[in-house]
Undergrad: 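I'd like to ask some things about the structure below.
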Amino acid sequence: MKIIKIEPVIVNQHLEKPFHFSQWEYQTRTICLVKITTEDGIFGWGEGYGPAGMVKAGIEFFTPFITGMDALDNEVVWQNMYLRSLDYARRGVFLSALSAIDVALWDIKGKIMERPVYQLLGGKKNEKIKPYATGLYFSQNRNLKSDLVEEALKYKEEGYLGIKMKVGLGIKKDTEYVTAIRKAIGDEVDLMIDSNHAYTLKEAVQLCVALKDLNIAWFEEPVSPELYDNYSQLRDKTDIPIAGGECEYLRHGFLQLFQHHSVDIAQPDICAAGGITEVKKIAAMANTFGVEVIPHSWGTGIALYAAMHLIANLDPSPGRMYQPLPWMELDQTENDLRDVLTGPPIVPENGMLRIPEMPGLGVEMNEKALEKFRVG
Ligand code: MG
């Protein structure tokens, strides 16, 4: 089942409502996908996280080395790409290119085997997934606090059991907004905060102290992802669980997080950290350190379907009879590249997501929409 064609595709959506977080504003959404086709005409889709042009360049770099390889030998392909890039790219967007190709090969493998990817990974250890709403970004609107409260109440009404909000506006404003949201949604909905590494250790400690009575489910990326020791020092000073890893790569990078006791929750992005192949290994390693895994997920339906299969297969940590369902991140910002370009739509039923049962990833590409959104 030889790989005969590897086609990177860049898609773009101009956002009607720009939004920002602690680092920058999003006005457009631009993503590099990859379509891989075998000699029998079976194809799979993958996606890379990060700057689309650079992901595309990475895919083009790998293409001559893996064209002609057997698509079913996906770990062999992975190893080939890894060794070809190791000397130049132990971190970063090159690995998003590797991840995109890996995800597409899992899609192909599932289609050839006529099995959903979760089954190829070893089966469903979790019957359902509990999505949480990622939203509550910042906008230039003068009524930001009331807008955030209204948005959080909408997610609660829609049945979400968890809501993640952005922080990073400074300790005073963050405390005011998080307090307002918690008061509005009550105690039965989990509330997570994410600063996207906006703070120093000292500031992060101050924020944890200010929010200590608000039952925060986790504090994500409190400090720079480079500062593994700052993470662990923060963990020593707060009861709020600490999460991170969306900017981390490969099992070697995650080993740093684990050996430094940096996080309670690891958040590898399947489309950046090394694909489904590598994140399964990262998850196994996390389990040996007693660290929970809740992948970072963002992008088109390809990334989200990949996440659902992997989450279905995650080990419970620890196992128990009344096992809580695993979380999955479901971004709520405007996203036609997920909702129009790909399907079937990912819609919670009674606050839960079903695991996809179609062969491969189970994600479908809307070819007409692809013509509309394609820019490269
Ligand atoms: Mg985050």
Side-chain angles (χ1 to χ4, degrees), residues 7-21 25-37 43-53 55-56 59 96 99-100 103-104 106-108 110-111 116-117 129 131-137 139 151 154-155 157-160 164 269-272 295-311 328-349 351-376:
E7 188 185 3
V9 176
I10 297 181
V11 287
N12 176 74
Q13 179 196 5
H14 179 75
L15 298 173
E16 298 292 324
K17 289 185 200 156
F19 58 88
H20 65 276
F21 62 113
E25 184 176 71
Y26 275 102
Q27 293 180 338
T28 58
R29 200 183 274 283
T30 312
I31 298 176
C32 184
L33 311 176
V34 64
K35 183 180 185 182
I36 299 183
T37 308
F43 60 87
W45 282 99
E47 171 171 350
Y49 176 65
V55 176
K56 185 181 178 191
I59 292 168
S96 295
S99 303
V103 169
W106 278 101
D107 191 24
I108 289 174
K111 286 175 180 170
V117 167
I129 294 172
Y132 69 86
T134 288
L136 304 166
Y137 282 78
S139 69
E151 188 185 339
K154 178 174 151 274
Y155 300 145
E157 210 160 283
E158 287 170 1
Y160 283 99
K164 187 166 83 189
D269 190 307
I270 293 162
C271 297
H296 173 257
S297 47
W298 174 268
T300 77
I302 299 166
L304 295 173
Y305 271 72
M308 284 194 276
H309 288 283
L310 185 109
I311 292 170
M328 173 166 145
E329 176 164 30
L330 202 49
D331 173 47
Q332 302 293 311
T333 56
E334 179 190 346
N335 187 352
D336 287 353
L337 301 184
R338 176 190 61 206
D339 302 334
V340 179
L341 181 66
T342 57
I346 300 164
V347 183
E349 291 167 32
M352 301 293 161
L353 293 175
R354 285 174 198 274
I355 316 290
E357 297 291 347
M358 296 291 285
L361 293 175
V363 67
E364 289 158 17
M365 182 63 63
N366 178 336
E367 293 293 338
K368 229 186 170 130
L370 185 60
E371 271 172 45
K372 180 184 160 197
F373 291 117
R374 184 168 185 171
V375 293

Undergrad: Taking the side chain as every heavy atom from C-beta outward, state whether Tyr160 and Pro348 have any pair of such atoms under 4.5 Å apart.
TA: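 Answer yes - side chains close enough.
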Undergrad: Between CG of Asp339 and OG1 of Thr300, what distance do you get to the nearest 0.5 Å?
TA: 10.5 Å
Undergrad: Checking Lys164 against Tyr132: charged group under 6.0 Å from the ring centre and within 45 degrees of the axis?
TA: no
Undergrad: Can you name the closest pair of heavy atoms from Asn335 and Gly299 and give their distance?
TA: ND2-O, 2.9 Å
Undergrad: For residues Arg374 and Val9, determine if any side-chain heavy atom of one lies less than 4.5 Å from a side-chain heavy atom of the other.
TA: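 Of all side-chain heavy-atom pairs linking Val9 with Arg374, at least one is under 4.5 Å.
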Undergrad: Between Val340 and Phe373, is there a side-chain heavy-atom distance shorter than 4.5 Å?
TA: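 In contact.
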Undergrad: With a sphere of 6.0 Å drawn around CE of Met365, does it hold more than 12 non-hydrogen atoms of other residues, nucleotides or ligands?
TA: yes
Undergrad: Search all heavy atoms of Gly44 against all heavy atoms of Asp107 and return the closest pair with its distance.
TA: CA-OD2, 3.3 Å
Undergrad: Can you see which heavy atom on Ala307 is nearest to which on Ile270, and at what distance?
TA: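 Of all heavy-atom pairs spanning Ala307 and Ile270, the closest is CA-CD1, 3.4 Å.
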Undergrad: Is it true that the side chains of Asp331 and Thr134 contain a donor and an acceptor less than 3.5 Å apart?
TA: no
Undergrad: Any sub-3.5 Å donor-acceptor pair from Gln332's side-chain atoms to Gly135's backbone N or O?
TA: no
Undergrad: Rounded to the nearest 0.5 Å, what's the gap from CD1 on Ile346 to CE on Met328? Could you check?
TA: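 If I round to the nearest 0.5 Å, the distance is 5.5 Å.
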Undergrad: Measure from the side-chain N and O atoms of Glu329 to the backbone N and O of Ser297, and report whether any donor-acceptor pair falls under 3.5 Å.
TA: yes
Undergrad: Quick check, are the ring centers of Tyr26 and Trp298 under 6.0 angstrom apart?
TA: yes
Undergrad: With a 4.5 Å heavy-atom cut-off, do Val55 and Pro8 have their side chains touching?
TA: no
Undergrad: With no hydrogens and no angle check, is any side-chain donor or acceptor of Tyr305 less than 3.5 Å from a backbone partner on Pro344?
TA: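 Answer holds: yes.
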Undergrad: What pair of heavy atoms forms the shortest contact from Pro18 to Gln27, and how long is it?
TA: CB-CG, 4.1 Å
Undergrad: Which residues satisfy the ring pair (Phe, Tyr, Trp, His ring centres under 6.0 Å) test with Tyr137, sequence neighbours excluded?
TA: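 Tyr137 satisfies ring pair (Phe, Tyr, Trp, His ring centres under 6.0 Å) with Phe19 once adjacent residues are dropped.
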Undergrad: Determine the minimum heavy-atom distance between Cys32 and Ile59, stating which atoms define it.
TA: SG-CD1, 3.9 Å
Undergrad: Atom CG in Leu337, atom CZ in Arg29: separation rounded to 0.5 Å?
TA: 6.5 Å
Undergrad: Any chance you could measure Lys56, atom NZ, to Glu7, atom CD, to the nearest 0.5 Å?
TA: 9.5 Å
Undergrad: List the steps and the verdict of side chain to side chain contact (heavy atoms under 4.5 Å, CB included) for Ile355 and Met308.
TA: CA-CA 6 Å; Ile355 316 290; Met308 284 194 276; 5.5 Å; no
Undergrad: Is the shortest side-chain heavy-atom distance between His296 and Tyr49 below 4.5 Å?
TA: yes
Undergrad: Using 0.5 Å steps for rounding, measure from the CG atom of Leu304 to the OG1 atom of Thr342.
TA: 7.5 Å
Undergrad: Any chance you could measure Cys271, atom SG, to Ile302, atom CD1, to the nearest 0.5 Å?
TA: 8.0 Å
Undergrad: Looking only at atom types and distance, does a side-chain atom of Glu364 sit under 3.5 Å from a main-chain N or O of Gly343, one as donor and one as acceptor?
TA: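 Absent.
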Undergrad: Can you see which heavy atom on Pro116 is nearest to which on His309, and at what distance?
TA: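 In terms of heavy atoms, the two residues are closest at CB-CE1, 3.9 Å.
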Undergrad: Go through Leu370 and Leu341 one step at a time and tell me if the side chain to side chain contact (heavy atoms under 4.5 Å, CB included) criterion holds.
TA: CA-CA 6 Å; Leu370 185 60; Leu341 181 66; 3.9 Å; yes
Undergrad: In the structure I gave you, are the side-chain heavy atoms of Leu33 and Ile31 within less than 4.5 Å of one another anywhere?
TA: yes
Undergrad: I'd like to know if the side chain of Glu334 reaches the main chain of Lys17, judged simply by a donor and an acceptor atom lying under 3.5 Å from each other, with no hydrogens or angles considered.
TA: yes
Undergrad: Taking the side chain from Ser96 and the backbone from Gly48, do they hold a donor-acceptor pair closer than 3.5 Å?
TA: no
